[in-house]
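These notes are about the structure you will find just below.
Only a predicted model underlies this, so the values are computations on that prediction, with no experimental measurement involved. Positions are given from 1 along the sequence. Computed from heavy atoms alone, side chains included, the values below leave out hydrogens, waters and symmetry copies.
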Amino acid sequence: MNPWLPASPCTPLTCAGHDGRTRGRAAAVVLLLAGCAFILAGVLGAPFVLLLGAVRRERLIRLWAYGVVRAFGVRVRVIGRPGAGAPGTLVVANHISWLDIPLVAAVFPGRMLAKSEIRNWPLLGRLAVVGGTLFVERERFRALPTTVRDIAAALRGGSRVVAFPEGTTWCGRGGGRFGPAVFQAAIDANATVQPVRITYRAAPAEHTAQAGAAAFVGDDPLIASLWRVVTAAGLTAEIRVLPQIPAGDCPDRRALARLAQTAVANDSANRSPESVHH
């Protein structure tokens, strides 16, 4: 393991437990197949969706991404103003699970920034490539300046870019430091940063306990995480839209990263009464 890469103390054994209601094997298998079918539909339909106009394309991506989360048996709760985050915006979020990707896309469809290993994931890897994901070679630090330039170019071109600046997943009880590199791209493009906070909860949605079943941490195999999600009944994925931060308001990338990290970590100070339940 490269000691310079972001690391989290979270492990499947200590952080990914579920104490709430569970589903039977038959129901869990149905949800697993439904979720995979939704992802496969996205892979097959992506080339055709890309031919649509921007408004229709975004609407379909939002519906599909929402459908993926729901197909795996997870409810969605959006808090804030889902209409915010115009094209050319850098959307940044804390990182807990593979579910974060469709969850954010259900509110802010855009080009994801992801580790290069995702290319080799079944179904999701192919979808990431077709969807224009910007891949990061985490082991090759010399490639980082090129990645920053690519992100800045995408933002200048009007693309919405979605990133998880912690660089790895945490269980949700704690969080990592936001790396500054992606924020340099926002500064270079004079873009707006849209922080969002992701939380997974057990039923009911207002329950204060973290839903560890959704955590995809450490060396957890993807299939084990998928099975844990579909067998845990009553999970709710909550995404909270926080106030935007103009990149030009900060003196440098580190200050911008700290500001966004603080906003996400302290989202209780920015709570909005507006919410949408699904």
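Summarising the geometry of Val229 relative to Ala214, their closest heavy-atom pair is CG2-CA, 4.1 Å, with the distance given to 0.1 Å. The shortest non-hydrogen separation linking Ala16 to Ala215 is CB-O, 4.1 Å. When all heavy atoms of Pro180 and Ala257 are compared, the closest pair comes out as CA-CB, 4.1 Å. Heavy-atom minimum distance, Val182 versus Ala163: CG2-CB, 3.9 Å. Minimum interatomic distance between Pro47 and Leu44 (heavy atoms only, all atoms of both residues): CD-O, 3.5 Å.
Criterion: ILVMFWY side-chain heavy atoms under 4.5 Å apart, direct or through other members. Under it, Leu235 and Ile223 are part of a common hydrophobic cluster. In the hydrophobic clustering of ILVMFWY residues, with side-chain heavy atoms under 4.5 Å counting as a link, Tyr200 and Leu32 come out together. In the hydrophobic cluster analysis, where Ile, Leu, Val, Met, Phe, Trp and Tyr join through side-chain heavy atoms closer than 4.5 angstrom, Val30 is grouped apart from Val68. Leu226 and Leu40 fall within the same hydrophobic cluster, defined by Ile, Leu, Val, Met, Phe, Trp and Tyr side-chain heavy atoms under 4.5 Å apart, directly or through other members. A continuous path of hydrophobic side-chain contacts links Met112 to Tyr66 [ILVMFWY only; heavy atoms under 4.5 Å].
Summarising the geometry, atom CG belonging to Leu222 is positioned 14.0 Å from atom CH2 belonging to Trp227; distances are rounded to the nearest 0.5 Å. Atom-to-atom distance recorded for Arg70:CZ and Phe38:CZ is 10.0 Å, nearest 0.5 angstrom. To the nearest 0.5 Å, atom CZ of residue Arg197 and atom CG of residue Asn266 are 9.0 Å apart. Summarising the geometry, atom CZ belonging to Arg160 is positioned 11.5 Å from atom CG belonging to Leu90; distances are rounded to the nearest 0.5 Å. Rounded to the nearest 0.5 Å, atoms CG (Asn94) and CZ (Phe178) are 6.5 Å apart. Separating the CD atom in Gln194 from the CD atom in Gln244 is a distance of 4.5 Å, to the nearest 0.5 Å.
Side-chain contact between Leu242 and Val264: present, with at least one pair of heavy atoms (C-beta onward) separated by less than 4.5 Å. Using a 4.5 Å heavy-atom threshold, the side chains of Arg111 and Thr133 count as separate. Residues Ile96 and Cys171 are not in side-chain contact: their nearest non-hydrogen atoms beyond the backbone lie 4.5 Å or more apart. Contact check for Val162 versus Val91: side-chain heavy atoms found under the 4.5 Å cut-off. Between Leu256 and Ile245 the shortest side-chain heavy-atom distance falls below 4.5 Å. A 4.5 Å side-chain heavy-atom check between Trp64 and Val49 finds every atom pair outside the cut-off. Residues Val217 and Pro12 have side chains in contact (heavy-atom distance under 4.5 Å, counting atoms from C-beta outward).
Legend: side chain to side chain donor-acceptor pair (under 3.5 Å) pairs involving residues 12-26, not counting sequence neighbours, sorted by first then second residue: Thr11-Thr14.
For Arg56, the CZ atom is loosely surrounded, since the number of other residues' heavy atoms within 6.0 Å does not exceed 12. Surrounding CG of Leu51 are more than 12 heavy atoms belonging to other residues, nucleotides or ligands, all under 6.0 Å away.
Looking only at distances, a side-chain donor or acceptor of Asp100 sits under 3.5 Å from a matching main-chain atom of Ser97. A donor-acceptor contact shorter than 3.5 Å links the side chain of Thr262 to the backbone of Arg258. Under the 3.5 Å distance criterion, the side-chain polar atoms of Trp170 are left unmatched by any main-chain donor or acceptor of Cys10. With Thr192 contributing its side chain and Thr89 its backbone, the two residues share no donor-acceptor pair below 3.5 Å. Checked by atom type and distance alone, the side chain of Gln261 never pairs as donor or acceptor with a backbone atom of Arg177 at under 3.5 Å. With Arg62 contributing its side chain and Val107 its backbone, the two residues share a donor-acceptor pair below 3.5 Å.
Listed by chain and residue number, Arg228 satisfy the salt bridge (charged side-chain N to carboxylate O under 4.0 Å, His left out) test with Asp220 (two or more places apart in sequence, or in another chain). Checked against ring-ring contact (aromatic ring centres under 6.0 Å, His included), Phe72 has the following partners two or more places apart in sequence or in another chain: Trp98.
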* Using the side-chain contact (heavy atoms from CB on, under 4.5 Å) rule, take Arg156 and Asp188 through it: C-alpha gap first, then chi angles, then the decisive distance, then the call. => CA-CA 9 Å; Arg156 289 193 199 97; Asp188 293 344; 3.8 Å; yes
* Mind running side-chain contact (heavy atoms from CB on, under 4.5 Å) on Val92 and Val193 for me, showing each step along the way? => CA-CA 7 Å; Val92 295; Val193 176; 3.8 Å; yes
* Show the numbers, then the answer: is there a side-chain contact (heavy atoms from CB on, under 4.5 Å) between Val76 and Thr236? => CA-CA 6 Å; Val76 177; Thr236 294; over 6 Å; no
* Phe164 and Ile198: CA distance, side-chain angles, deciding distance, side-chain contact (heavy atoms from CB on, under 4.5 Å) verdict -> CA-CA 11 Å; Phe164 302 100; Ile198 295 171; 4.3 Å; yes
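A salt bridge links Glu238 with Arg240: at least one charged nitrogen is closer than 4.0 Å to a carboxylate oxygen.
Checked options Ile79, Val196, Val69; the residue passing with Ile239 is Val196 (criterion: side chain to side chain contact (heavy atoms under 4.5 Å, CB included)).
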